[in-house]
Amino acid sequence: MHSERKPPPIQVSFFTTVGSSQTSGKLLHNLEHEVAQLTKLRSAPHERLNQIGPGKRDLPVSVVKMLAGREGNYSGRGRFSSADRCHVLSRYLPVKGPGLVDHMPSRAYVSQFSADGSLFIAAFQDSQIRIYNVDKGWKIQKNIHAKTMRWTVTDTSLSPNQHHLVYASMSSIVHMVNAGSSQTESLANVTEIHEGLDFSSGDDGGYSFGIFSIKFSTDGHELVAGSSDDSIYVYDLEANKPSLRILAHTSDVNTVCFADESGHLIYSGSDDTLCKVWDRRCFKATGRPAGVLTGHLEGITFIDSKGDGRYFISNGKDQAIKLWDIRRMTSKATCIPGQRSSEWDYRWMDYPPQAKDIKHPSDQSIATYRGHSVLRTLIRCYFSPAYSTGQKYIYTGSHDSGVYIYDLVSGARVATLKYHKAPVRDCSWHPYYPMLVSSSWDGAVVRWEFPGKGEAPAPAPCSRNRIWRRHFS
């Protein structure tokens, strides 16, 4: 059961200060795995850039040393590599602020940057979805009034070409609207058509279910969805009908995503505590998942793929994020009776303190991150951007009204952003620029930026890459 269906009581805490970017608390782990080495390779500077000037080797290498090394061509490249760039930019965490983007008299459920960072989408419980033009000073480009809303907007997804937006609620009908039209106010089937995409099959007798998670494929031809009828759906937009239904779990499928650009692999997470990997190339022959990953003790609220078809992270109601390597998956789940408390309900109860020390005896994850809280709603977590950080961080909203940023390799909490007065369900890091936007049940959408002198400007139109490449290439 989810808070997306019934309004739970809100425990409000008031924060006005910004969390420090310094390491907070002891390290949760020291990741000794291939992903740790890959992360270091993608975010560590060239070794010769650390040999400039007198004194001991710096860790991390100072920006002054790196700029001096670049000008002296110590690396032999005459420019910064992508790893050099990530090493510099990843030190400028978006912790300054916040600056108010918008404030609505309704809970914010979804907030996401477009792939190029030029647009930002926020969805609210009162059926409004707003698309902001980041390049034009966060001007509202489109205000969408959702059609036939049930409880709230549970998810949105913008097509790769940014022409269409789909939105879902606790209904089997997903709606698609033209995101690039000239109309600012998009009233469903009044000023614009909101095309209904029916995910239910024709032989289900009119059975209704809700959709928690919806994602476009990389080519924009398909949608994948996770639903309250324990299923994964794939919708063929060209044929305008569902092409695949997988009865995937034994409880609600809260989150789904494609593993990489190929679209062959799908990750799913459910209230049955399991993460599963589905290979569409062999599913019709086997009827089974490619593998199962066990380790969470409670339901899974969100999954984010690293994009390489190998690693992903999941947020769980056991108050933990877990990092997974699908090469560790098994053919079936390991069930451990008595681990879960049937009396505990995350919609209105605090997590039992004694449960925080319980570990799944068959945990297949490669790292666990704790500190944030996952209560009341399906709180989301993500890898930080590849371009500016080399994905060396993971970040998440939290029931305690904050945003938490963890170091992927060490597990240390490197920043905590505190401002909101209610749970932060979603947050999004700009793909190229050190800016993070958080949205909360208090109705506020705010942006955090790097701590320079004065407020950092938004990227200029059509040059968001050029600005950073000019300085870091």
Side-chain angles (χ1 to χ4, degrees), residues 21-23 27-50 57-63 65-67 69-70 74-75 77 79-95 113 115-117 257 259-261 303-313 321-325 366-367 369 381-396 403-415 427-436 448-451 459 464-473:
S21 61
Q22 301 300 313
T23 300
L27 301 187
L28 301 179
H29 55 71
N30 188 14
L31 187 58
E32 296 181 359
H33 187 274
E34 179 185 291
V35 70
Q37 182 63 20
L38 290 173
T39 302
K40 290 176 181 177
L41 288 174
R42 292 170 183 170
S43 60
H46 191 280
E47 59 181 8
R48 293 210 57 196
L49 294 177
N50 198 19
R57 293 170 63 94
D58 292 340
L59 189 65
V61 185
S62 72
V63 176
K65 274 193 173 184
M66 293 192 64
L67 289 173
R70 183 187 68 176
Y74 271 57
S75 67
R77 300 190 190 99
R79 58 180 176 82
F80 278 165
S81 67
S82 61
D84 296 334
R85 179 187 65 234
C86 288
H87 178 76
V88 174
L89 293 180
S90 64
R91 298 177 67 182
Y92 294 92
L93 291 175
V95 298
F113 279 107
D116 68 355
C257 67
D260 55 24
E261 293 184 352
I303 282 176
D304 186 42
S305 174
K306 206 169 189 290
D308 56 6
R310 182 175 297 174
Y311 302 108
F312 68 92
I313 55 174
I321 294 173
K322 287 187 175 290
L323 173 65
W324 308 90
D325 180 344
I366 57 178
Y369 310 81
C381 62
Y382 303 94
F383 288 98
S384 63
Y387 177 86
S388 58
T389 72
Q391 296 181 304
K392 69 181 294 184
Y393 305 115
I394 58 176
Y395 64 102
T396 178
V403 176
Y404 288 71
I405 304 175
Y406 300 99
D407 185 284
L408 177 72
V409 176
S410 72
R413 189 199 315 171
V414 296
C427 46
S428 187
W429 197 315
H430 193 284
Y432 302 112
Y433 186 81
M435 175 196 297
L436 187 149
W448 307 82
E449 303 183 62
F450 70 89
R464 61 191 58 84
N465 289 341
R466 194 184 319 134
I467 291 174
W468 293 101
R469 286 173 180 161
R470 183 186 308 149
H471 296 289
F472 303 115
S473 62

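Numbers here simply count residues along the sequence, with the first being 1.
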Q: Using 30° and 60° as the class boundaries, would you call the ring planes of Tyr406 and Tyr404 parallel, tilted or perpendicular?
A: parallel
Q: Checking Trp324 against Ile303 for the side chain to side chain contact (heavy atoms under 4.5 Å, CB included) test, could you report, in this order, the C-alpha distance in whole Å, the side-chain angles of both residues, the deciding distance, and whether it holds?
A: CA-CA 10 Å; Trp324 308 90; Ile303 282 176; over 6 Å; no
Q: What pair of heavy atoms forms the shortest contact from Thr39 to Val35, and how long is it?
A: OG1-O, 2.7 Å
Q: What I'd like to find out is whether the side chain of Leu93 reaches to under 4.5 Å of the side chain of Phe450, using heavy atoms alone.
A: no
Q: Tell me if a side-chain donor or acceptor on Ser305 pairs with a main-chain N or O of Ala259 at a distance below 3.5 Å.
A: yes
Q: Evaluate side chain to side chain contact (heavy atoms under 4.5 Å, CB included) for Asp84 paired with Val88, printing each intermediate quantity in order.
A: CA-CA 6 Å; Asp84 296 334; Val88 174; 5.9 Å; no
Q: So which heavy atom on Ile313 is nearest to which on Cys381, and how close?
A: CD1-SG, 3.9 Å
Q: For the pair Ser428 (side chain) and Phe113 (backbone), establish whether a donor and an acceptor sit closer than 3.5 Å, ignoring hydrogens and angles.
A: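 Side chain of Ser428 to backbone of Phe113: a pair is present.
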Q: Which value, rounded to the nearest 0.5 Å, describes the distance between Thr389 atom OG1 and Arg91 atom CZ?
A: 14.5 Å
Q: Can you name the residues that form a side-chain contact (heavy atoms from CB on, under 4.5 Å) with Cys427, not counting sequence neighbours?
A: Tyr395, Val403, Leu436, Ser438
Q: Indicate the atoms forming the closest heavy-atom contact of Val95 with Trp448, along with that distance.
A: O-CE3, 3.8 Å
Q: Cys86 and Ser43: which non-hydrogen atoms are nearest, and at how many Å?
A: CB-CA, 4.0 Å
Q: Would you say Glu34 has more than 12 foreign heavy atoms packed within less than 6.0 Å of its CD?
A: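 Check passes, neighbour count above 12.
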Q: Starting from the C-alpha separation in whole Å, work towards a yes-or-no answer on side chain to side chain contact (heavy atoms under 4.5 Å, CB included) for Arg310 and Asp325.
A: CA-CA 6 Å; Arg310 182 175 297 174; Asp325 180 344; 3.6 Å; yes
Q: Where is the tightest heavy-atom contact between Pro94 and Pro434, given as atom of each residue plus distance?
A: CB-O, 3.6 Å
Q: Can you tell me how far apart OH (Tyr369) and CZ (Arg413) are? Round to the nearest 0.5 Å.
A: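 That separation rounds to 14.5 Å.
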Q: Check the pair Tyr311 / His33 against side chain to side chain contact (heavy atoms under 4.5 Å, CB included), numbers first and verdict last.
A: CA-CA 12 Å; Tyr311 302 108; His33 187 274; 3.5 Å; yes
Q: Looking at CG of Leu323 and CD1 of Ile394, how far apart are the two atoms once the value is rounded to the nearest 0.5 Å?
A: 7.0 Å
Q: How close do Lys306 and Phe383 get, heavy atom to heavy atom, and via which atoms?
A: N-CE1, 3.5 Å
Q: Donor-acceptor pair, distance only, cut-off 3.5 Å: does the side chain of His430 make one with the backbone of Gly117?
A: yes
Q: Kindly compute the distance separating OH (Tyr432) from OG (Ser388), expressed to the nearest 0.5 Å.
A: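 Separation between the atoms: 10.0 Å.
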Q: Going from CG on Leu408 to CD1 on Ile321, what distance comes out if it is rounded to the nearest 0.5 angstrom?
A: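 Reported value, rounded in 0.5 Å steps: 10.5 Å.
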Q: To the nearest 0.5 Å, tell me how far Ser410 OG sits from Lys392 NZ.
A: 9.0 Å
